[in-house]
Amino acid sequence: MTRVHVAASGCYDIIIERGILSRVGAESAGLLRSEKAVIVSGERVFPLWGETLRASLESAGFEVLCYIHETGETAKSLESYGALLNFLSEKQVHRTDCLFALGGGVTGDLTGFAAATYQRGMPFIQIPTTLLAMVDSSVGGKTAVNLPSAKNQVGCFYQPRAVFCDPEVLKTLPQEEYRCGCAEVIKYGVLGDGDFFSMLSERDFRGDEEPVIARCVEMKRDIVEADEFDLGQRRLLNLGHTLGHAAEKCSGFALPHGDAVAMGLAAVMRQAAARGICSSADCERVIETLKKYGLPTELAFGKKELFEACRADKKIANGKMHLIVPEKPGACRIIAMDTEELRSWI
Ligand code: GLY
């Protein structure tokens, strides 16, 4: 078992252990004074892992309710968010009860925002079931739902009471989603730990995820503790995401997030190498590592299209944005630029 403690506006542990899912009830009981435990999960994940969680919560003495949302980004619509709140109200869930988000980033974002807002805030616990959610979205307290115009437009920072990562659940994760998690894992190596990156490039961590998840969440913990509200250092986590988000938009959101991040990371490495900010050898190492994990490294969209998509990024304020640029695996710099300068990077 690995336990990583986070001290942000809320303090909590991230517990990583194969098989921990069946002990979530016992581990959570001491953290809460809830009668009801509400499992929030998607249509694909609940049939796989929902009963294990339900049994664990029931044997710890909770009255368990289950709320199943549809799979995919539509679960983060305002309607879907409202439906979850109505369910909580109809079932007389109280603000001392607890929501358990069992799923990937969509489930975590929806559940976290419902927990943050229902009756002015109630506890929630993250149980990520994708590699991407384990290493990124379940940690750090970003919660949100979407507007028709753009993703994650309505949300808040709200920390969970605990995060339980069980690598066992990754065995039912579709290959495409596993690969997407690998892109975020490689991103961590490039942004903050050269030795970790070397390990990823020299070995193959697939099938032995616990130490890799632990290292990623330690890095994310350090960043979140330094900049919980995303005003400075937390921007580092956006490495590969500026062009990645643009590529997702250009594809009409058909491109999986991790594939888009891999493309964005490869593109920014190439530009950094062309400008002498990183070496061509380091650029090649990153691109080869992405390929080794089955990730795409070519941005298959036009420059104009990508630029327009970048300009619509919600992180642009007063025409200024921040691009995360690698100097070498393990070290990145944050470059503030206006959108015209960004055009030259594309
Ligand atoms: N997923 C990026 C962040 O948590 O800031």
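Note that ligands are numbered from 1 as they come in the structure, with each ligand's atoms numbered from 1 the same way.
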(request) Could you tell me whether a side-chain N or O of D227 sits under 3.5 Å from a main-chain N or O of L231, the two making a donor and an acceptor? (result) yes
(request) Return the set of residues passing ring-ring contact (aromatic ring centres under 6.0 Å, His included) with Y81 (not counting sequence neighbours), or none when no residue passes. (result) F113
(message) Taking the cut-offs as 6.0 angstrom to the six-membered ring centre and 45 degrees off its axis, would you call R343 and F307 a cation-pi pair?
(response) yes
(request) List for me each residue that meets ring-ring contact (aromatic ring centres under 6.0 Å, His included) alongside F229, sequence neighbours excluded, and say none if there are none. (result) F157
(request) Scan for salt bridge (charged side-chain N to carboxylate O under 4.0 Å, His left out) pairs involving residues 231-255, sequence neighbours excluded, and state none if there are none. (result) K151-E248
(request) Report yes or no: does N146 contribute a side-chain atom to a donor-acceptor pair with the main-chain N or O of N152 at less than 3.5 Å? (result) yes
(request) Anything with a heavy atom under 4.0 Å from ligand 1 counts, so go ahead and list those protein residues by chain and number. (result) D136, K142, K220, R234, L237
